[in-house]
Amino acid sequence: MSIGEPIPRIDGSIKVTGAARYTADLRAPNMLHGVFVTAPLPAGRVIAFDKGHALAEPGVVRVLTHEDMPRPKTTIAGPPFAHSFLPLQGDEIRHEGQPIAMVLGETLEAAEAGARKVDVRYAPTTAKTPVAPLWSELDRAALAPKNTGYFFFEPEFSKGNADQNLALAKKRVEAVYSQPSRHHNPMEPSAVLALWEGDALTLYASTQHVYGVQMGLAALFAIPPERVRVISKHTGGAFGVKGLIWPQEALAALAAKIVSRPVRVVLSRANMYSFLGYQPRIVQKIGLGADEKGALAAVTHDVVNLTSVTDDFIEFATEASKSLYATRSMRLSQRAERAHVAMPTAMRAPVEGPGLWALESGMDELAVDLGVDPLDLRLANYADADPATGAPWSSKKLREAYEEGARLFGWRTRPPAPQRDGDWVIGHGMASCLMGTFRFPSHAHVTLRRDGTAVIEAGTQDIGTGTLTILPQIVADVLGLLSSKVKLTLGDTKLPEAGPTYGSSSTMGVGAAVLAAAQDVRGKLARLANLLPEEAAMVDGRISRTGATEGLPIADVMDQAGESEIVGTGAFDPAQHGAGYSMRTFGAVFVEVGVDRALGLLRLRRVVGSYSVGRIVNPRTARAQLIGGIVWGWGMAAMEQSPFDSALGRFLSKNLAGVAIPVNADIPSDIAIHCVEEIDEKAGPIGGKGIGELGATGVAAAVANAVFHAVGKRIRDLPITPEKLVA
Ligand code: MOS
């Protein structure tokens with residue numbers, strides 16, 4: 001019994017003592033440091049480079065530009081690439097901050113000094129800058145998206161005649177909700193170390209997907225994937241910005257090839273705001289039509305998000321409206337606003353995260369209009385089946401989550417009128433939470449040794465979410481070991497292929513492969529012990545017939561068979577699980593805020609998050625993930641934005657000093673997490689689904705709804721900053 005135990009993070013001590021080695025900590029003999037020169041203007045062409053001053057800097061070895069770089073053998077488009085163009089392949093500038101030269105130096109300081117001295121002449125052209133976030137202007141500027149590989153859902157969907165039903169509805173809410181672009185801000189800036197031996201590449205990278213990087217770079221160099229080894233032992237936070245291949249990975253590998261020396265590139269914080277992804281500005285128009293009792297007759301949802309001029313990244317916020325509530329009719333549409341900006345990308349929690357900001361704000365407005373409790377409005381429109389397709393849910397215990405969340409919060413007994421606490425006006429708000437269920441094929445090996453230790457091998461990644469703890473727990477559970485006896489080796493394409501560490505998918509996917517591999521080990525050991533695999537159980541280092549009290553020690557069984565270890569293999573294929581079912585995770589978040597009307601201050605006072613996510617492998621790490629999501633959601637609600645300077649065509653701030661993100665002082669200790677008892681057998685053999693991102697959904701709307709309750713002001717533009725509250 002190890003699944004379900006609240007084991008502390010196995011990797012906790014190496015993370016807090018600095019023993020964990022990240023890509024930027026690695027060195028290779030004879031290694032060069034790469035530093036990018038980036039374009040200072042959003043659109044135009046590079047006319048000429050003068051490399052003289054840069055090359056005169058002591059320690060500068062090369063200055064690489066598009067004139068030096070080899071052309072890739074294939075065109076790139078769609079994942080695993082973050083966008084379809086590679087910088088340093090031509091003279092065109094498509095956004096401010098685009099890499100246009102790469103300076104290689106014997107030291108980081110030399111490369112940085114050289115990068116400052118590359119003289120570049122530009123021919124600017126008129127840049128398309130983002131238009132004002134007004135719906136009327138966006139409506140004119142936005143275009144139907146084109147699919148260059150970044151369509152994860154359908155941009156248009158309709159059921160029934162939603163526009164007509166909306167027009168005829170007794171009660172109607174139509175409103176526009178907006179949120180600014182914001183960056184992921186992981187603690188570790190992206191880093192890469194590229195080494196060639198002949199035509200074999202080894203790439204150390206901070207990534208959420210070693211196999212994706214392998215596949216992409218193999219295609220780029222037109223070499224077999226086996227010639228590309230990608231290693232990522234620890235990634236220092238990601239939140240989506242390390243999910244795909246960004247320029248530094250390809251360019252470091254190209255540079256290392258040209259100079260025949262290893263090249264390490266550690267992005268500066270400014271680089272992270274220059275040519276890496278971010279969650280784009282999203283503006284959403286919601287229409288909700290209901291009868292007098294609040295039953296939804298129509299949901300319309302129109303979304304416009306910012307994207308680059310090269311590719312249409314679409315933030316599929318409409319998926320929220322597609323899945324959450326029962327309604328007779330819906331019409332959903334996604335469009336893109338193209339501008340000379342860096343390519344956006346998925347950010348925790350993508351899709352439903354932005355979608356629920358709009359939908360759950362709109363539902364609150366409808367509840368106020370109807371004069372019903374916001375929770376009752378949700379219950380009145382509870383979707384017992386997938387509202388878009390009619391398919392049954394793989395599992396859904398949202399009713400239970402609402403009920404227990406409301407009980408823990410005291411929702412039903414809250415004072416109807418806002419209360420006062422000194423200068424603070426206290427408001428209460430709630431929202432539903434929802435997240436898609438992403439499942440990826442995965443493989444794993446488990447080796448059980450004579451001494452009662454086991455090793456898991458899986459080409460998954462540690463991005464700080466608990467993988468190093470969860471997967472050993474699964475093996476320990478099957479093999480009757482303490483989880484401290486199980487070691488996990490990950491982050492290497494020499495290991496069995498596993499899926500990406502995004503989409504809150506790891507426990508479900510690679511966890512299932514690990515479970516199968518452990519069961520394979522147990523089955524093999526059972527045969528050695530003359531037991532049928534199905535009837536074998538392993539407890540405390542012994543194997544026995546299920547239910548029997550006495551078992552044989554692992555070592556004795558192996559000794560008798562002359563084996564020193566037993567290797568099991570396992571795989572997870574999502575196609576074999578849950579066909580015909582719709583899968584989501586669900587929840588409800590209840591918040592209490594304080595508003596200081598005179599100063600416009602907003603404080604989070606307490607939160608209850610209650611979730612329906614299937615089986616929980618580790619309640620401690622699950623709780624930490626869900627709290628992390630809520631904190632992330634508070635950042636979205638009240639703090640985070642990356643303001644864009646239209647005159648310069650760039651993000652205004654390029655360091656953390658200019659970016660407000662939640663710190664401990666912003667977050668109350670009073671955050672309660674509840675997960676409904678549930679096993680989702682359709683989603684996969686683990687019975688669990690994703691939790692990493694679900695907690696971040698719904699929070700912004702719950703906060704805005706609480707602000708409305710407190711002071712009667714409906715904020716429809718994030719983040720909820722003081723000037724919006726005093727205005
Ligand atoms: Mo997350 S945006 O799926 O890394």
Side-chain angles (χ1 to χ4, degrees), residues 78-83 150-153 179 181-190 205-213 232 234-246 249 272 276-280 282 305 307 313-317 319-320 342-357 433-440 442 460-467 491 498-511 574 583-585 613 625-626 628-633 635-636 640 642 661 688-700:
F81 289 95
H83 44 61
Y150 300 95
F151 277 20
F152 302 107
F153 303 95
Q179 61 187 95
S181 297
R182 55 191 188 123
H183 286 79
H184 305 67
N185 298 310
M187 280 170 71
E188 177 208 30
S190 296
S206 42
T207 179
Q208 296 173 254
H209 193 194
V210 289
Y211 270 94
V213 176
S232 180
H234 302 289
T235 288
F239 314 111
V241 77
K242 297 167 184 169
L244 301 171
I245 300 173
W246 292 92
E249 281 139 352
M272 300 294 291
L276 262 61
Y278 54 95
Q279 186 170 66
I282 306 159
N305 70 261
T307 190
F313 171 82
I314 300 302
E315 184 69 55
F316 283 95
E319 287 296 304
M343 177 70 167
T345 199
M347 186 172 110
R348 183 198 200 189
V351 185
E352 288 87 351
L356 289 187
W357 153 237
C433 308
L434 174 76
M435 192 70 208
T437 295
F438 300 92
R439 302 182 303 160
F440 300 100
S442 282
T460 182
Q461 298 74 212
D462 168 35
I463 65 165
T465 51
T467 305
T501 306
Y502 55 62
S504 305
S505 62
S506 291
T507 304
M508 208 174 2
V510 69
M583 291 172 200
R584 301 288 187 280
T585 52
V613 291
Q625 282 290 297
L626 289 162
I630 289 168
V631 172
W632 192 265
M636 174 184 180
E640 289 172 50
S642 297
I661 52 175
K689 288 182 278 195
I691 52 173
E693 296 174 294
L694 177 69
T697 71
V699 178

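What you see is a predicted model, and the numbers here were worked out from it, not measured in a lab. Counting convention: from 1, in listed order, for ligands and their atoms alike. Worth knowing before you read on, the calculation uses all heavy atoms, side chains too, and leaves out hydrogens, waters and symmetry mates.
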Review point. Does Q208 approach ligand 1 within less than 4.0 angstrom via side chain, backbone, both or neither, non-hydrogen atoms only?
Key: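 Side chain only.
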Check your understanding: Of the backbone atoms (N, CA, C, O) and the side-chain heavy atoms from C-beta on, which set of F239 has a member under 4.0 Å from an atom of ligand 1: side chain, backbone, both, or neither?
Key ->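 Answer for F239: backbone.
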Check your understanding: Heavy-atom distance under 4.5 Å between the side chains of P344 and E315, does that happen here?
Key -> no
Exercise for review: Mind checking ring-ring contact (aromatic ring centres under 6.0 Å, His included) for H184 and listing every partner two or more places apart, or none if nothing turns up?
Suggested key: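 If we apply the ring-ring contact (aromatic ring centres under 6.0 Å, His included) test to H184, skipping adjacent residues, there are no hits.
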Point to revise | Top protein contact for atom 3 (O) of ligand 1, by heavy-atom distance | key: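 Answer, as residue, atom name and distance: G503 N, 2.6 Å.
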Check your understanding: For the residue pair F438 and F440, does the interplanar ring angle fall in the parallel (under 30°), tilted (30 to 60°) or perpendicular (over 60°) class?
Key -> parallel
Practice item. Name the orientation class of the two ring planes belonging to Y278 and H183 (parallel below 30°, tilted from 30 to 60°, perpendicular beyond 60°). Key: tilted
Which atoms of ligand 1 have any heavy atom of [X] under 4.0 Å away?
| X | value |
| --- | --- |
| P350 | 2 (S) |
| M347 | 2 (S) |
| R348 | 2 (S) |
| G240 | 2 (S), 4 (O) |

**Study point:** ligand 1 to A346 polar contact by distance, N or O atoms, under 3.5 Å
**Key:** no
Exercise for review: Could you tell me whether some N/O pair between E693 and ligand 1 is separated by less than 3.5 angstrom?
Suggested key: yes
Point to revise | F239 side, atom CZ; I463 side, atom CD1 - distance, nearest 0.5 Å | key: 7.5 Å
Review point. Could you state the interatomic distance from CG (L434) to CG (L356), rounded to the nearest 0.5 Å?
Key: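 The distance works out to 5.5 Å.
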Check your understanding: Of H209, Q208, E188, Q461, which meets side chain to side chain donor-acceptor pair (under 3.5 Å) against K242?
Key ->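 Testing K242 for a side chain to side chain donor-acceptor pair (under 3.5 Å) against H209, Q208, E188, Q461 leaves exactly one candidate, E188.
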